[in-house]
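Just so it is clear, the model here is predicted, and its values are computed rather than measured.
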Amino acid sequence: MSSLYSTWVTSLSCSPSSGDGAVVYALPQWLRFVFLSPCPQRALLSAVDFLLLFTLLVFAIIKLYSRFTSNGSTNTEEINKPLISNTRGLRTRTRTTLWFNLTLIATIVLTVLYTVACILVFSSSGVESSWKQLDGLFWVVQVVTQLVLVILIIHVKRFEAAVHPLSLRVFWVANFVVVSLFAASGVTRLVSLEGSESFGFMVDDVVSFISLPVSLFLLIVGVKGSTGVVNSREETQSVVDNDEETKLYDHGLDKPSLTTGFASASQFSKTFWIWLNPLLSKGYASPLNIDEVPYLSPQHRAERMSVIFESKWPKSEERSKYPVRTTLLRCFWKDIIFTAFLAVIRLSVMFVGPVLIQDFVDFTAGKGSSVYEGYYLVLILLVAKFIEVLTTHHFNFNSQKLGMLIRCTLITSLYKKGLRLSCSARQDHGVGPIVNYMAVDTQQLSDMMLQLHAVWMMPFQVGIGLFLLYNCLGVSVITAFLCLLLVLVFIVVTTRQNKNYQFKAMISRDSRMKAVNEMLNYMRVIKFQAWEEHFNSRILSFRQSEFGWLSKFMYSICGNIIVLWSSPMLISTLTFGTALLLGVKLDAGTVFTTTTVFKILQEPIRTFPQSMISLSQALVSLGRLDRYMSSRELNDDSVERNVGCDGETAVDVQDGTFSWDDDGLEQDLKNIHLKVNKGELTAIVGTVGSGKSSLLASILGEMHRISGKVQVCGSTAYVAQTSWIQNGTIEENILFGLPLNRQKYNDVIRVCCLEKDLEMMEYGDQTEIGERGINLSGGQKQRIQLARAVYQDCDIYLLDDVFSAVDAHTGTEIFKECVRGALKGKTIVLVTHQVDFLHNVDCIVVMREGTIVQSGRYNNLLDSGLDFGILVAAHETSMELVEQGAAMPGENSNKPMISKSASINNRETNGESNSLDQPKSAKGSSKLVKEEERETGKVSFNIYKLYCTEAFGWVGIFAVFFLSLLWQASMMASDYWLAYETSVKRAEFFNPSLFISVYAIISLVSVLLIVLRSYSVTVFGLKTAQTFFNQILNSILHAPMSFYDTTPSGRILSRASTDQTNVDIFIPLFINFVVAMYITVVSIIIVTCQNSWPTAFLLIPLVWLNLWYRGYFLSTSRELTRLDSITKAPVIVHFSESISGVMTVRAFRKQKEFSLENIRRVNSNLRMDFHNFSANAWLGFRLELLGSLIFCMSALFMIILPSSIIKPENVGLSLSYGLSLNSVMFWAIYMSCFIENKMVSVERIKQFSNIPSEAAWNIKDRSPPPNWPGQGHVDIKDLQVRYRPNTPLVLKGITLSINGGEKVGVVGRTGSGKSTLIQVFFRLVEPSGGKIIIDGIDISALGLHDLRSRFGIIPQEPVLFEGTVRSNIDPTGQYTDDEIWKSLERCQLKDSVASKPEKLDSLVVDNGDNWSVGQRQLLCLGRVMLKQSRLLFMDEATASVDSQTDTVIQKIIREDFAARTIISIAHRIPTVMDCDRVLVVDAGRVKEFDTPTNLLQRQSLFAALVQEYANRSTGL
């Protein structure tokens, strides 16, 4: 073989020899000669040099000639113009960057190197004189070329060129290719030749090895093109280029104060991640704060990525099946190609180590060709390792950066899509899955970027490996190939299986997240009804399904790990067996080259299934995202919007037919003709479910228009029936993105009757509102919504039943001051059930079953009879009682004023006047929603202990650790056996059958140990994950209501999704790897030190540096990971908030502002991610470089130490272990850091697993009697309530007694404490003092479920859960269908449900959005009917229904609950007029408690309310 190589590697001939070989081999031989023989190589490089010099000469001549001949107007200034310049006119101030200096230094280094080579060649002896002259001339050409380049680069600086000339850039690319060929020849000579043959080419080889990295750098300069020369003119240009970015900031996006060092770093700094040092040192000095982490470079920010994504989205005519995939490829193909290029370079140098093992073994055995060969080998090893380490970490860094950009692009695009989704498309997906698209699917696509190239590179890696094995073992490589093929087939099959398991687990996780999200949204109702156990079992059933698939997935991965980790030994056994059968001689070099190649092949075969899993998960995610991004959007053409148009008409609907369904299969509104003139107040009335809210939605363009035409003239404001409030201060909610105008703001608060509420709140309008307005009463939410609309100052106001949640007095005030006052002259369309206001409107529209049946003024409609007459008649019947009361003696027409002044005089403001203009207490303390807790510093040992001992205690830990040690010991035993048997001493006693038998036995023991170890870790991980899930679910269900008031649901959801996924999958997997890695590092160190003892002295600094780097890195990385989790939750909260309030956002045309807020939050989160993986690359590069240096030092010691100490077989053993030292050591350290960061998830789950619990659900010894409450007798004694410690009392010493069977109406203005009183009965809020006794039992002594399950309640907001009518009316499945039908009949819903094809199994979507608010309220009434409670609480139960339905409901309640005690909060005076007694609450105190008749006979607050209600129609 040596002679074959010498023909082309050492031949000084300049023509190919045609002596040997058949014609078949002619082409490969010729190519080999041209590219790898010394003479043609010199010809190639000289040709490239001459071409460059000729190009430059021609260019210079043309330039000079054109100047001297131009118009004869030549002057000295013209002649002095540069050959290459990018400036015109005045010279500008110039500075050079590190990039320019490095380019110049690299060229000078090459000049010096070639000069030295030239001198050495001319001074050498013993070389043919003709070759010596030729070679010397070649090096002279190199020196001249490099000198010209040095002058050219200085010329570039002098004349301020921003880009290198194209000819120079092409030269650098070509030069790198030829220098690589020189280096390849050098490596071939070193590996395959002996003695003086190779020594003759020493100059060539040394020069090529040194110049290769320099040429690589110049190649990068050539590709990039930038000179590194910056002038002020260029800086001005960059300002112009950033104009687009500036526009974004002008539109409301804050310009970041602190930008990442990466943005302005030099190329050198980027190459070695030096730009990260300031952040790491800051993080090491003290825990990082959120403001200390810089923002991303402008080119990586969400605002830019989102615009690029939209511009690349496939056009409709392309009919792309996979639009998301297509767009991502169009956006990021360059980045994908660059990472592929890095992967190829890494692959090229990866096998240098194994190739050199044989040479090292031969050299130490005394077969070296020269005394310097050992040093050559170490130098080659060092360069190869350096390139491998650098490319590996740049590949990781760039892949993760690409993943981050994909995630940021998708999140902003998903958000924008969410704001455009049609109503039915929004219902199809639901908030839970959309949160998963953002949190899980985008993350999976991001993670997949790291593993993308492993899929196609695996065949190349295996191919190179098999080629090397063929060189060592000949034909027996077929066995290895077949074994690798079997492993691959096994992995492909299990990967397909894993994809299926993963998909099923994702579906189950979606269902679980949807159920958790729903539970969190309606926790108040769940607690009122004592349904926690039902929801617990529902979520657990979804979790059980998810856990089943998860277990299969984890066991399948466990099987993969077993096959992959045991395959190198098993394949080695079979391959060596085959080799011995075929008579191949096994020596130390052959054996350890083989085992090292198998270890290297372990990587592609290990990463291949991971990559396939990631790829399959990513494809599933892309499918889900394609479906979401292709969902129907609202059609902008459905409404013709004109701003500032002439004419009288503001809203015009002509012959409109509309549907909530995008396909228009069901017509929800039919034959709509509606004209609203400018400045008119139009009221829409009708019974529940007649289509009133749908009519408003059709005007807003929210419904699918089947036919007809809708014209809207001017801007629209919309107040929804179900209030939508954002998590923020009251002021922020009212301003809704507009700047504060104090005068206008105060007027809005006054006309919306919010002054008194704000005075009662400790922090006024700076009070922070919880998610979905959780800490406000229904009336307060409704009025804040109204204030938001009024402050926006639009042309057309669409108000959906704004008076339903407020009391009579407040309703009248709002109608007078706001609707007829502040909004006078505006066009208003008002949906209402308040018949009293209808005298004062310009037009009334009456609806029935989705059509307009009547329209006109009040008196005209009344005369015509029909629907409107029925509505008014029902209302007047209920008003008779009121009017009788109002006509009683002692009343006068000024009563409304008394009411007003009484309410003002009696208010409690905690002893001080909190007028809006006064500064409030420190704003920070107004926060209701607490800042998310974050532990700083190290993840405590206690967290690790909690996780590791949760499943099987300390025994489990010791068992896993012991099995790991035994497994590593078996691996080392097999390698020691190989070294022993292949030593020179044993050669004469070598017994093939004994050798292979022992090796096979050790291999089988090793496989058995790895099986035991892997399965024990998997069982341990699964059991722990399930325990944690049960703990957090149990803790959340037992948490008091105050916890939900102060904790955004996004915070809980992120623990239930991302954190739980970490505990389910990542932590057990990586703990498995880390334990194995650390034990492997120890084994490598033992083997290396045993054979190269001076290395032991390097161990102490190595260990110290590793630990120091780990600590230095971890202090920053840990905080970045925590901050990443903390900044992720606001993105999710804002997203789900926007989706649920999308109708309001679209009505006000605020989509742009909301998109900018989303971008702001995404940018805030991404900077954590970016700096986190940059820190990983920073650490990885340094640790691996350190490991490589130590390994090369150890190899050097093996060469230096005398052969009496160093045995060749031990050199092979040491090298086969040491080659993996750098990567194993880095991965051990990195994965331990990764686990520490993921352990934050355990910490976060544990935080929510120990929430202080509310009282026990059931107390064994204190269960109330089965028929309790039998009478319904209620005694309240000095009841005092505050929501949280250190806040003012909300109820201030209430004492009263209610007799069994009595009907008590509770009235009082909004925020007076009516709803709080009901919450205390259910102990949602525990009393601070006093007690409530019902039928002789103090309710505070009972278990909460015993208490709550005995009461009936119809809460303020009608809540329906996703499912069916049956599951909503009877969630626990206690009642028969007959009982359910009777209940539906009594609450007026039987006909609606019976008309649907599925009857009781009719669908109820998330939040009951496919039922009107009135129907939802009736369904909630149906629940209570079914329950037949002795004590019934009604919290404004009929606020969302019309008078007619209300009358019917009141009649039902009177008949059905005749013998029951009813405590009813009401805003409609008629509903309390027939109560036995009325309780008037004001500012948390009982003001009046008596029969309606008695209260009306004296000057009372109640009398004032009644008088006002009676007069509201005429007095408006």
Stepwise side chain to side chain contact (heavy atoms under 4.5 Å, CB included) test for Arg407 and Leu445 | CA-CA 7 Å; Arg407 190 162 73 91; Leu445 284 172; over 6 Å; no

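- Ring geometry for Tyr1112 against Trp1108 counts as parallel: the plane angle stays under 30°, on a 0 to 90° scale with 60° as the upper cut.
- There is a side-chain donor-acceptor pair under 3.5 Å between Arg1110 and Ser1232.
- Lys945 is listed as a side-chain neighbour of Trp954, based on a closest heavy-atom distance under 4.5 Å.
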Hey, mind stepping through Arg1167 and Ser1164 against side chain to side chain donor-acceptor pair (under 3.5 Å) and telling me if it holds?
-> CA-CA 6 Å; Arg1167 60 190 168 138; Ser1164 182; 3.3 Å; yes

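- Checked by atom type and distance alone, the side chain of Glu1137 pairs as donor or acceptor with a backbone atom of Asn727 at under 3.5 Å.
- The distance from the CG atom of Leu1179 to the CG atom of Asn1106 is 8.5 Å, given to the nearest 0.5 Å.
- In this structure a side-chain-to-backbone donor-acceptor pair under 3.5 Å is missing from Ser1194 to Ile1190.
- Seen from the ring of Phe1028, Lys1246 counts as a face-on cation partner, given the 6.0 Å and 45° thresholds.
- A heavy-atom distance below 4.5 Å is not found between the side chains of Val1162 and Tyr415.
- Between Trp275 and Phe1170, a ring centre-to-centre spacing shorter than 6.0 Å is recorded.
- Relative orientation of the Phe1043 and Phe1248 rings is perpendicular, given thresholds of 30° and 60° on the angle between their planes.
- Between the side chains of Gln400 and Asn396, no donor-acceptor pair of N or O atoms lies under 3.5 Å.
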Kindly determine whether Lys385 and Glu1184 satisfy salt bridge (Lys or Arg N to Asp or Glu O under 4.0 Å), including the steps that lead there.
-> CA-CA 9 Å; Lys385 277 287 173 190; Glu1184 285 216 44; over 6 Å; no

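- Within the 4.5 Å cutoff, the side chain of Met305 has no heavy atoms near those of the His300 side chain.
- With respect to the salt-bridge test (charged N to carboxylate O, under 4.0 angstrom), the residues Lys401 and Asp335 do not qualify.
- No donor-acceptor pair under 3.5 Å is formed between the side chain of Ser1117 and the backbone N or O of Phe1113.
- Side-chain contact annotation: Glu732 with Gln766, donor-acceptor N/O pair under 3.5 Å absent.
- A donor-acceptor pair under 3.5 Å links the side-chain atoms of Arg1182 to the main chain of Phe272, judged by distance alone.
- Proximity of the aromatic rings of Trp1178 and His1171 is defined here by a centroid distance below 6.0 angstrom, and this criterion is not met.
- For the atom pair CZ (Phe309) and CG (Leu328), the distance works out to 5.5 Å, reported to the nearest 0.5 Å.
- The shortest heavy-atom contact between Pro294 and Thr259 is CB-C, 3.6 Å.
- In this structure, a donor-acceptor pair under 3.5 Å is present between the side chains of Thr1121 and Asn1172.
- Taking CD1 of Ile1032 as the start and CD1 of Ile1251 as the end, the distance is 7.0 Å to the nearest 0.5 Å.
- The two atoms that bring Ser1054 and Arg1051 nearest to each other are OG-O, 3.0 Å, heavy atoms only.
- Between Leu280 and Thr1116, the closest heavy-atom pair is O-OG1, 3.4 Å.
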Run the numbers on Gln444 and Ser621 for side chain to side chain donor-acceptor pair (under 3.5 Å), then give the verdict.
-> CA-CA 7 Å; Gln444 276 177 347; Ser621 292; 2.9 Å; yes

Would Phe217 and Thr103 satisfy side chain to side chain contact (heavy atoms under 4.5 Å, CB included), going step by step from the backbone distance to the final call?
-> CA-CA 8 Å; Phe217 170 71; Thr103 311; 4.2 Å; yes

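- Between the side chain of Ser269 and the backbone N or O of Ala265, no donor-acceptor pair lies under 3.5 Å.
- Of all non-hydrogen atoms in Val516 and Ala1056, the two that sit nearest each other are CG1-CB, 4.5 Å.
- Between Arg1122 atom CZ and Ile290 atom CD1 the span is 14.0 Å, to the nearest 0.5 Å.
- The backbone N or O of Glu388 sits nowhere less than 3.5 Å from a side-chain atom of Arg346 that would complete a donor-acceptor pair.
- Residues Ala302 and Cys408 approach most closely at CA-SG, 3.6 Å, considering heavy atoms.
- At distances below 3.5 Å, not a single donor-acceptor pair connects side-chain atoms of Ser1035 with backbone N or O atoms of Gln1031.
- One distance of note links CZ of Phe338 with OG of Ser399; it measures 10.0 Å at 0.5 Å rounding.
- Once rounded to the nearest 0.5 Å, the distance linking CD of Glu1157 with NE2 of His1134 reads 5.0 Å.
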Would Arg1055 and Gln1247 count as a side chain to side chain donor-acceptor pair (under 3.5 Å) if you check the C-alpha gap in whole Å, the side-chain angles of each, and the deciding distance to 0.1 Å?
-> CA-CA 10 Å; Arg1055 281 162 173 82; Gln1247 264 177 11; 2.8 Å; yes

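- For Asn1163 and Glu303, the side-chain atoms include at least one donor-acceptor pair closer than 3.5 Å.
- Two residues are said to be in side-chain contact when any heavy atoms from C-beta on lie closer than 4.5 Å; Glu292 and Asn289 meet this criterion.
- In terms of heavy-atom proximity, Ile387 sits nearest to Thr391 at O-OG1, 2.7 Å.
- Looking only at side-chain heavy atoms (C-beta outward), Leu1102 and Met1225 come within less than 4.5 Å of each other.
- Taking the six-membered ring where tryptophan is involved, the planes of Tyr947 and Phe1020 are perpendicular, since the angle between them exceeds 60° and thus also 30°.
- You'll find the side chain of Asp1059 stays beyond 4.5 Å of the side chain of Val1063, heavy atoms only.
- Here the side chains of Leu382 and Leu1189 are in contact, with some heavy-atom distance below 4.5 Å.
- Side-chain atoms of Ser297 never come within 3.5 Å of backbone atoms of Gln299 as a donor-acceptor pair (strictly under, hydrogens ignored).
- The shortest side-chain heavy-atom distance between Phe1066 and Phe1070 falls under the 4.5 Å cut-off.
- No hydrogens or angles considered: a donor-acceptor pair under 3.5 Å links the side chains of Asn1165 and Asp1124.
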